[in-house]
There are 2 protein chains.
Amino acid sequence: MNPLFHELFQKSRFLTNEINLTLKKHNLYASQWTVLFCIQKHGEMSLTQIWKYLNVEAPTITRTVYRLVELGWIDIRPGKDRREKIVSLSEKASQDFSTIKESILEFEDRMVESLTKEEETILIELLRKIK
Amino acid sequence: MNPLFHELFQKSRFLTNEINLTLKKHNLYASQWTVLFCIQKHGEMSLTQIWKYLNVEAPTITRTVYRLVELGWIDIRPGKDRREKIVSLSEKASQDFSTIKESILEFEDRMVESLTKEEETILIELLRKIK
DNA sequence: TAAAATAGTTTAGCTAGGTAAATATATTTC
DNA sequence: GAAATATATTTACCTAGCTAAACTATTTTA
C-alpha cells in the first residue's frame, strides 16, 4: 500500500482512539462528541442538516442521535414539516459543554505540538489536494 | 474541531469509500485487501504477526481472516506451537492477486495525481509528526 | 514438577462507517 | 385533486475498529 495512505489511515485510527480516551471521563465517544459539537454550533438542527454538514450518511446520524437522546445529551422533537426531526442540546449537555470542549482543545493542542503553525497549514492544504 | 483533524478524518473516510468502490468488482473490502496484501508480502503468517504488523487489535484480525477463509481467499492451519494459526493465500487469491493489485495501484495514482512527488513526501513526513 | 505467568486466539458486545430498501409526509405535475 | 415524484427518516444488514474477559497451550518459576 502507498505509504501516504498507510500513514493517513494509521493516524486517523490513532487520533480517534486518543479522542475516545480523552472523552472517556465524560462518558462520550468521538462521533457522539462530533454531533454534540455540531448541534451546539448551529443551535437547533434537523437530522438531514447534521449528516449533510458532517458529510456522513443519514443512518449513521439517526443511530448516533438516538443514542445521545438515550444518554440524555440531546432533546428531539418533530419539526413543522412533519417528516423531519429537530434536535437540540439538553440542559445537561449545555452545562457540561464547555468543560468537555476544554478537554478536547487541550488534546488537540497536544497532538499538534510537534508541528509549527506553518506546517499545520501546509498539512491541511496538502490533505485537501487529495481527491 | 481543529480543521486539520477534520480534514484528516474526512479524507480517511473518503479514501476507504473509494477503495471499497474500486474493490467491488473483485468482491473485496478495503481491510480484507489489506490483510491479503500483508500475507502476500510476508508469505505464511500467524494471526499475531498480522495484527502486530497492521497495528490493529487481535479480534479485528480474527474476524477478517475467518471471513477471508469463508470467501476462499485464504487457507488456515495450526502452527507448530499449537496456540497459533498460520494463514497463507489460497490458489484463487494467488491467481487473482496481481490483477487486484493493478486496480489498487491505478486508484492510488489517481488519488495523488494532483500532488507532486515532493508534496507527497512532505505530506507523509508531516503526518508522521503527529503523535 | 506443580503452580503461576505469559502468549495466541476467540467470544461478546460496543461504536461507527457504509448500502439498499421501506415508510411517511410534502411537493409537483398532469 | 389524484397520481407521480421528491424528501426526511428509519430499518436491516454489512464491514471494521475497539475493550474486556475467556480459553488453551506454552514457558517460567518456586
Side-chain angles (χ1 to χ4, degrees), chain A residues 8-24 26-36 38 44-71 73 76-87, chain B residues 8-24 26-36 38 44-71 73 76-87:
Chain A
L8 203 153
F9 291 137
Q10 293 279 336
K11 229 45 115 181
S12 170
R13 274 195 307 109
F14 169 73
L15 288 171
T16 43
N17 291 345
E18 291 291 316
I19 294 176
N20 280 333
L21 220 58
T22 301
L23 286 173
K24 194 155 198 176
H26 304 292
N27 284 305
L28 275 173
Y29 285 92
S31 337
Q32 296 172 341
W33 169 249
T34 305
V35 169
L36 288 186
C38 177
E44 295 198 328
M45 289 181 95
S46 73
L47 298 197
T48 299
Q49 285 177 307
I50 298 177
W51 64 259
K52 288 201 169 148
Y53 181 76
L54 294 179
N55 196 30
V56 297
E57 298 302 319
T60 303
I61 291 306
T62 297
R63 195 211 292 128
T64 301
V65 157
Y66 279 97
R67 189 78 183 98
L68 285 169
V69 171
E70 238 172 63
L71 296 169
W73 295 99
I76 193 166
R77 61 172 182 76
K80 205 162 52 186
D81 178 336
R82 282 156 59 214
R83 287 170 301 184
E84 64 182 12
K85 307 274 173 75
I86 309 290
V87 299
Chain B
L8 203 152
F9 291 137
Q10 292 280 334
K11 229 45 113 181
S12 170
R13 274 196 306 108
F14 169 72
L15 287 171
T16 42
N17 290 346
E18 290 291 316
I19 294 176
N20 280 332
L21 220 58
T22 301
L23 287 172
K24 195 158 198 173
H26 304 292
N27 284 305
L28 275 173
Y29 285 92
S31 339
Q32 296 172 342
W33 168 250
T34 305
V35 170
L36 288 186
C38 178
E44 295 198 328
M45 289 181 95
S46 74
L47 298 198
T48 299
Q49 285 177 309
I50 297 178
W51 65 259
K52 287 199 170 150
Y53 181 76
L54 295 179
N55 197 28
V56 298
E57 297 303 319
T60 303
I61 290 306
T62 296
R63 196 211 290 126
T64 301
V65 157
Y66 279 97
R67 189 79 183 97
L68 285 169
V69 171
E70 239 173 62
L71 296 169
W73 293 99
I76 193 166
R77 60 173 184 77
K80 204 163 51 186
D81 178 335
R82 283 154 59 214
R83 287 170 302 184
E84 64 183 11
K85 306 275 172 75
I86 310 289
V87 300

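The chains referred to below are lettered A, B, ... by the order of the sequence lines, with proteins before strands, and numbering in each begins at 1. It should be emphasised that the depicted structure is a prediction, and the values quoted were computed from it without experimental measurement.
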In whole Å, I'd like the distance from the [atom1] atom of [X] to the [atom2] atom of [N].
{"X": "B/Lys24", "N": "D/dC14", "atom1": "NZ", "atom2": "C1'", "result": "11 Å"}
{"X": "A/Ile61", "N": "D/dT11", "atom1": "CD1", "atom2": "P", "result": "16 Å"}
{"X": "B/Leu71", "N": "D/dT15", "atom1": "CG", "atom2": "P", "result": "8 Å"}
{"X": "A/Glu70", "N": "C/dT15", "atom1": "CD", "atom2": "P", "result": "9 Å"}
{"X": "B/Asp81", "N": "C/dA7", "atom1": "CG", "atom2": "C1'", "result": "8 Å"}
{"X": "B/Lys80", "N": "C/dA7", "atom1": "NZ", "atom2": "P", "result": "19 Å"}
{"X": "A/Ile19", "N": "D/dC18", "atom1": "CD1", "atom2": "C1'", "result": "14 Å"}
{"X": "A/Leu54", "N": "C/dT15", "atom1": "CG", "atom2": "C1'", "result": "16 Å"}

Nucleotide nearest [X] when distance is taken to its side chain, options [options]:
{"X": "A/Tyr66", "options": "D/dT10, D/dT9, D/dA20", "result": "D/dT10"}
{"X": "B/Lys52", "options": "D/dT26, C/dG8, C/dT10", "result": "C/dG8"}
{"X": "B/Thr48", "options": "D/dT19, C/dG8, D/dA8", "result": "C/dG8"}
{"X": "B/Arg13", "options": "D/dT11, C/dG17, C/dA26", "result": "C/dG17"}
{"X": "B/Pro59", "options": "D/dA20, C/dA26, D/dA25", "result": "D/dA20"}
{"X": "A/Tyr29", "options": "D/dT10, C/dA16, C/dG8", "result": "C/dA16"}
{"X": "A/Leu47", "options": "C/dT9, D/dT9, C/dT15", "result": "D/dT9"}

- Task: Kindly indicate whether the side chain of B/Val65, heavy atoms from C-beta on, has any atom under 4.5 Å from the side chain of B/Ile76.
- Result: yes
Query raised in the report: Less than 4.5 Å apart, any side-chain heavy atom of B/Leu21 and any of B/Asn17?
Result: no
Would you indicate what [X] reaches in the nucleic acid, counting non-hydrogen atoms under 4.0 angstrom: base, sugar-phosphate, or nothing?
{"X": "A/Thr62", "value": "base"}
{"X": "B/Glu57", "value": "base"}
{"X": "A/Arg67", "value": "sugar-phosphate"}
{"X": "B/Ser31", "value": "sugar-phosphate"}

**Message:** With hydrogens left out and only the distance checked, is there a donor-acceptor pair under 3.5 Å joining A/Arg83's side chain and the base of D/dT7?
**Reply:** yes
Between A/Arg82 and A/Ala30, whichever has its closest DNA chain C nucleotide further toward 5' is A/Ala30
Result for 5'-nearest mapping on DNA chain C, choosing between A/Thr60 and B/Ile76, is B/Ile76
Assert: residue with more 5' nearest nucleotide on DNA chain D, out of A/Asn17 and A/Trp51, is A/Trp51
Query raised in the report: Is the shortest side-chain N/O distance from A/Lys85 to OP1 or OP2 of D/dT10 below 4.0 Å?
Result: yes
Practice task
Check whether any side-chain nitrogen or oxygen of B/Arg63 sits under 4.0 Å from OP1 or OP2 of C/dT10, and answer yes or no.
Solution key: no
Test: A/Glu44 and A/Arg77 ion pair at under 4.0 Å: yes
Practice prompt. List the steps and the verdict of side chain to side chain contact (heavy atoms under 4.5 Å, CB included) for A/Thr16 and B/Phe9.
Written response: CA-CA 9 Å; A/Thr16 43; B/Phe9 291 137; 3.6 Å; yes
Here the pair of heavy atoms bringing A/Ala58 nearest to A/Trp51 is CB-NE1, 3.4 Å
Shortest non-hydrogen pair, B/Asn55 vs A/Arg13, comes out as O-NH2, 2.9 Å
